[in-house]
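Shown next, in structure tokens, is the structure this report addresses.
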Amino acid sequence: MNKRVRVRFAPSPTGGLHLGGVRTVLYNYLFAKKHDGDFILRIEDTDQSRFVPGAEEYIFNCLKWAGLEPDESPVPGGIYGPYRQSERKELYSKYADQLVMDGHAYYAFDTPEALEKMRYDYKTEQNPSPQYDHSLRMKMRNSLTLSADETHQLLAAGIKHVIRIKMPEHETLSFTDIIRGEVSFDSSFVDDKVLLKADGMPTYHLAVVVDDYLMKISHVFRGEEWLPSVPVHILLWKYLFGLENMPLWAHFPLILGPNGKLSKRDGAKYGFPVFAMSWTDPKTGETVEGFKEKGFLPEAFINFLALLGWNDGTEQEIFSRQELIEKFSIERVHSAGAKFDYEKAKWFNHEWIKLSEVSSLKPEIRSLLSEKGITDIDDALLGKVIGLVKDRCTLLSDFMPQSSFFFKAPQTWDADAVKSKWNEQKKEFFKQLIRNYSDTTAWQAPVLEENFQTTAVANQLKPGELQLPFRIMLVGGKFGPPVFQIAELLGKNETTSRIKNALEVF
RNA sequence: GGCCCGUUCGUCUAAGGGCUAGGACACCACCCUUUCACGGUGGUGAUACGGGUUCGAAUCCCGUACGGGCUACCA
């Protein structure tokens with residue numbers, strides 16, 4: 001009689017989507033797919049002061065790139081919509097009112113200044129951040145301290161107010177976290193959180209409970225930063241919808257940066273991306289590069305995020321999306337925070353590039369090359385080039401330096417690599433090689449290599465010592481695939497002309 | 001300060017009472033390769049500390065230390 005699995009990712013559209021967020025999406029997604037359930041995207045935009053234009057669409061794009069598209073979301077919609085909390089505004093107040101009627105919540109008329117004063121007045125060394133809680137609520141201006149008449153008058157007069165939950169004292173609130181086991185709280189330590197704001201919008205606490213109920217969410221998987229607010233949510237479930245209907249919960253550990261927490265703001269500072277895709281702040285115009293733009297394959301991105309805090313118990317590390325869906329389990333998510341290791345992330349990407357079919361790499365590489373002004377490349381040639389160089393590319397962007405010489409003759413040569421051992425005899429060899437190659441009819445690597453060898457021997461030179469200069473002539477530097485393969489792809493005219501040009505410089 | 005979560009090689013982790021503490025990344029060495037890589041072989045390197053429980057603890061319990069999160073009319 002298990003409920004249908006329905007999970008959700010509920011971001012607040014305020015900026016770039018970072019590693020931790022994507023991992024939360026990923027684990028939700030994998031869990032949903034594994035159990036033939038639904039993955040829902042719900043936009044938590046109840047804070048109108050934090051509205052950032054473009055942020056919502058950006059999130060959609062990131063999910064699309066990562067291949068983690070929701071079954072229900074603001075875009076295709078769904079039967080439990082709307083999926084933007086700002087569009088569900090009217091829904092929430094009746095639940096808040098019900099809580100007030102039942103005595104579980106109350107109206108509070110304190111102004112922001114009054115709250116600030118309270119925090120200042122009661123601040124001590126022992127208690128640096130006083131809370132609006134059972135110890136202080138009777139000292140504030142609310143429906144608990146005001147008479148019923150006064151309260152009604154204030155409400156009738158349309159005085160700005162919020163609704164706060166009335167946290168009970170000495171009540172033990174506990175739940176079983178799927179990856180941490182039983183966690184319990186003493187309600188006395190929790191403050192009277194605001195449920196409904198003065199502008200009529202719910203806070204996260206009310207909205208999350210109401211929407212999870214209305215959207216029939218079966219499991220709530222979110223970051224560890226939410227753990228402290230669980231007691232409030234437990235109470236809301238108890239008061240509103242019944243504990244027996246409460247979803248199962250799991251709180252994921254945080255992803256940390258090199259020195260502690262991974263902050264959105266530091267974006268570029270670490271020397272590696274933190275966002276899935278590049279994000280441009282509409283206010284400052286500042287852009288922070290994302291994993292996509294850095295040259296990561298979505299398969300690799302997903303793969304290393306999945307392994308950051310989870311493993312299947314075997315020594316397997318490379319997983320396709322399908323394998324992840326089959327093997328993922330929430331119970332095996334590690335409970336400790338994980339420091340993000342960029343070197344390992346690059347290793348995953350390298351593995352995925354090596355694993356990728358040439359044809360699947362083509363479109364991406366083609367657009368990368370065209371950005372550098374290299375266009376009109378023969379499709380078959382491009383395929384061969386990719387096949388030859390992909391093993392030496394860690395990032396997609398490495399294709400450029402690794403393969404541009406196939407399409408554009410080198411402008412400079414690593415002369416130092418040649419100079420020391422260069423002499424007239426070698427120069428003669430290459431002149432002869434040009435003649436021999438010009439007569440070659442079967443322009444293929446093995447033929448070229450054999451020709452090269454025999455010419456060398458005829459000149460009483462060691463072929464090995466000539467290969468490096470040859471490479472420098474064709475490539476410009478000491479790198480790249482086997483040199484005769486390069487010559488084959490370059491073709492007769494290009495090869496001989498590159499030798500000729502280089503000979504004038506050497 | 002209070003509350004909550006956490007702690008195995010530098011990093012990600014395996015091992016959920018019995019063992020040479022395993023793997024991967026990174027690093028080092030060698031092999032392959034007369035380029036750079038790929039690949040192969042080997043190496044350095046960890047159970048935070050202190051008490052218990054037990055024949056036996058990385059594994060269970062307590063304490064300490066350290067790390068992190070929360071402590072908004074933000075999510």
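Every heavy atom of this structure was used, including side-chain atoms; hydrogens, water molecules and symmetry mates were not. Chain A is the first sequence line, chain B the second, and so forth, proteins listed ahead of strands; every chain is numbered from 1.
Pairing for G39(B) is with C31(B), a Watson-Crick or G-U wobble pair whose two hydrogen-bonding atom distances lie under 3.5 Å. Pair check for C9(B) finds none; no Watson-Crick or G-U wobble contact set falls under 3.5 Å.
Taking 4.0 Å as the cut-off between side-chain N and carboxylate O, E488(A) and K384(A) do not count as a salt-bridged pair. Note on R50(A) versus D47(A): salt bridge recorded, some NZ/NE/NH1/NH2 to OD/OE distance being below 4.0 Å.
For the OP1/OP2 pair of G69(B) and a distance below 4.0 Å, the side-chain nitrogens and oxygens of R222(A) include no atom meeting the criterion. For G23(B), the OP1/OP2 oxygens have no side-chain nitrogen or oxygen of T314(A) closer than 4.0 Å. A sub-4.0 Å separation between OP1 or OP2 of C73(B) and a side-chain N or O of R164(A) is present. A sub-4.0 Å separation between OP1 or OP2 of G1(B) and a side-chain N or O of N127(A) is absent. Between R119(A) and C73(B), a side-chain N or O to OP1/OP2 separation shorter than 4.0 Å is present. Between K197(A) and A72(B) there is no side-chain N or O to OP1 or OP2 distance below 4.0 Å. One finds a side-chain N or O of H334(A) lying less than 4.0 angstrom from the OP1 or OP2 phosphate oxygen of A14(B).
Interface remark: the R392(A) side chain does not form any donor-acceptor pair with the C38(B) base, using a distance-only criterion of under 3.5 Å. Side chain K344(A) to base A24(B): a donor-acceptor pair is found below 3.5 Å.
Closest approach of K123(A) to P128(A), counting heavy atoms only: CG-O, 3.5 Å.
Residue F340(A) contributes atom CZ, which lies 16 Å from atom C1' of G10(B) at whole-angstrom precision.
Toward the 5′ end of RNA chain B lies the nearest nucleotide of L308(A), the other residue of the pair K354(A) and L308(A) mapping further downstream. Comparing G464(A) and P202(A) by the nucleotide of RNA chain B whose heavy atom lies nearest to each, the residue mapping closer to the 5' end is G464(A).
A cation-pi arrangement is absent between R392(A) and F479(A), since the terminal nitrogen or guanidinium carbon is not both under 6.0 Å from the aromatic centre and inside a 45° cone about the axis.
L115(A) comes within contact range of at least one nucleobase, with a heavy-atom separation under 4.0 Å.
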